[in-house]
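Note that the structure is a prediction, hence the values are computed from the model and not measured.
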There are 2 protein chains.
Amino acid sequence: MGRKPGGATGRRAAGDVFHSDCPARMVLDHVTSRWGVLILTALRDNDLRFHQLRTCIEGISEKMLSQTLRLLLRDGLVRRTVVPASPPQVSYGLTSLGTAIAEPLDALIVRIGTHARHIMAAQTAYDSI
Amino acid sequence: MGRKPGGATGRRAAGDVFHSDCPARMVLDHVTSRWGVLILTALRDNDLRFHQLRTCIEGISEKMLSQTLRLLLRDGLVRRTVVPASPPQVSYGLTSLGTAIAEPLDALIVRIGTHARHIMAAQTAYDSI
DNA sequence: CAGCATCCTATTGGATACTG
DNA sequence: CAGTATCCAATAGGATGCTG
């Protein structure tokens, strides 16, 4: 992403452009999508089954859950395991790649949590103008 | 976020629920919105003016830029500085709060960049099934 | 230059119903 | 249980034109 030479790695330089056709932008969109963040961080500590995820992530619909899971599956961030039983048990977990991505996401959420009060104060201050 | 006791800080526990009405969820949505991520990381290294941001972030429209900036301004993540001149110069930068939030985001982008090839390989593998 | 207002389309996403 | 399919409402977001 960014400067052409140097391959896929490294920091961006100041004033660098985020190319809209960059494949990384697409992955970023999946990962930072409304439900992508929550799914990835929910799976951070342990595998979960479909309906556990649905319960764990308040507000998500079945449609969005399966849709987003499929996206993350395709990106190789999430792994799907089927235990053939009756009824069959399907569980989802992070791949090593998924863990690598989920880590900074988790850090982000923790940080937002830490500063939540501060942020809400900023909001009311802004609104009172 | 998460377990009721313990205030705004701390890690989430396994199986914890992401409450949809949590103010942190709202901030998370702003921050991880399609353009929010890009704006915050673009401002990571130095302040930028409106049209510099517009150029720097490929694909963003004026509308979404000003709209998202207003949101981040309200959350206290971004600071707006006006130099009264003719024409007036307005520049945007991160607050200390914004920097704290942008850090893990930047880590995320770097990580996606690092694994980009790996991810694209996973995609084509998935599609070939 | 820095931006807001309006219009209109495309995409997101929820509710519901149904299948293996 | 673990989803898929369809329909419809809400929102995101682009194009354009205008203001200080």
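Direction of the helix axis in the helix from C:dC1-D:dG20 to C:dG20-D:dC1 shifts by 50° between the two five-pair termini, rounded to 10°.
For B:S91 and A:G59, each mapped to the nucleotide of DNA chain C holding its nearest heavy atom, the one lying further toward the 5' end belongs to B:S91.
Within the structure, every pair that satisfies the side chain to side chain donor-acceptor pair (under 3.5 Å) test and touches residues 119-129 of chain A, not counting sequence neighbours, is listed here: A:Q123-B:D75, A:D127-B:R74. The stretch residues 90-102 of chain B participates, sequence neighbours left out, in no salt bridge (Lys or Arg N to Asp or Glu O under 4.0 Å) pair at all. Within the structure, no pair that satisfies the salt bridge (Lys or Arg N to Asp or Glu O under 4.0 Å) test touches residues 87-102 of chain A, not counting sequence neighbours. Applying the salt bridge (Lys or Arg N to Asp or Glu O under 4.0 Å) test to residues at least two apart or on different chains, none of the pairs has a partner in residues 81-92 of chain A.
Counting to the nearest Å, the C1' atom of D:dA2 and the CD1 atom of A:I60 are 14 Å from each other. Rounding to whole angstrom units, CZ of residue B:F50 and C1' of D:dT19 are separated by 14 Å. Distance CG (A:L48) to C1' (D:dG3): 17 Å, rounded to an integer number of Å. Separating the OH atom of A:Y92 from the P atom of D:dA2 is a distance of 8 Å, rounded to the nearest angstrom.
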Using atom names, set out every protein N or O paired with an N or O of nucleotides 15-20 of chain C below 3.5 Å, distance rounded to 0.1 Å.
none

Just distance, no hydrogens or angles: give the donor-acceptor pairs under 3.5 Å from side chains in residues 55-68 of chain B, sequence neighbours left out.
unit_1: B:T55; atom_1: OG1; unit_2: B:H51; atom_2: O; d: 2.6
unit_1: B:E58; atom_1: OE1; unit_2: A:S20; atom_2: N; d: 2.9
unit_1: B:E58; atom_1: OE1; unit_2: A:S20; atom_2: OG; d: 3.1
unit_1: B:S61; atom_1: OG; unit_2: B:M64; atom_2: N; d: 3.2
unit_1: B:S66; atom_1: OG; unit_2: B:K63; atom_2: O; d: 3.3
unit_1: B:T68; atom_1: OG1; unit_2: B:M64; atom_2: O; d: 2.7

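Here the side chain of A:R79 pairs a donor or acceptor atom with the backbone of A:L94 at under 3.5 angstrom.
Listed pair A:R34 / C:dT11 fails the phosphate criterion, with no side-chain N or O lying under 4.0 Å from OP1 or OP2. Taking 4.0 angstrom as the limit, A:R49 places a side-chain polar atom (N or O) nearer than this to OP1 or OP2 of D:dA2.
Using a 4.0 Å heavy-atom distance criterion, A:R54 is classed as making no nucleic acid contact.
DNA chain C lies under 4.0 Å from at least one heavy atom of each of the following residues of residues 64-73 of chain B: B:S66, B:R70.
Among residues two or more places apart in sequence or in another chain, the side chain to side chain contact (heavy atoms under 4.5 Å, CB included) test is passed with B:S96 by none. Remark: A:R80 pairs with A:L73, A:V82, A:V90, A:Y92 by the side chain to side chain contact (heavy atoms under 4.5 Å, CB included) rule, at least two apart or across chains. Looking at residues two or more places apart in sequence or on another chain, you find a side chain to side chain donor-acceptor pair (under 3.5 Å) between B:R111 and A:E103. A:D29 pairs by the side chain to side chain donor-acceptor pair (under 3.5 Å) definition with nothing, not counting sequence neighbours.
Distance check, rounded to the nearest 0.5 Å: CG of B:L43 to OG1 of B:T99 gives 9.5 Å.
When distances run from any side-chain atom of B:H51 to the nucleotides C:dA2, C:dG3, D:dG13, the shortest one goes to C:dA2.
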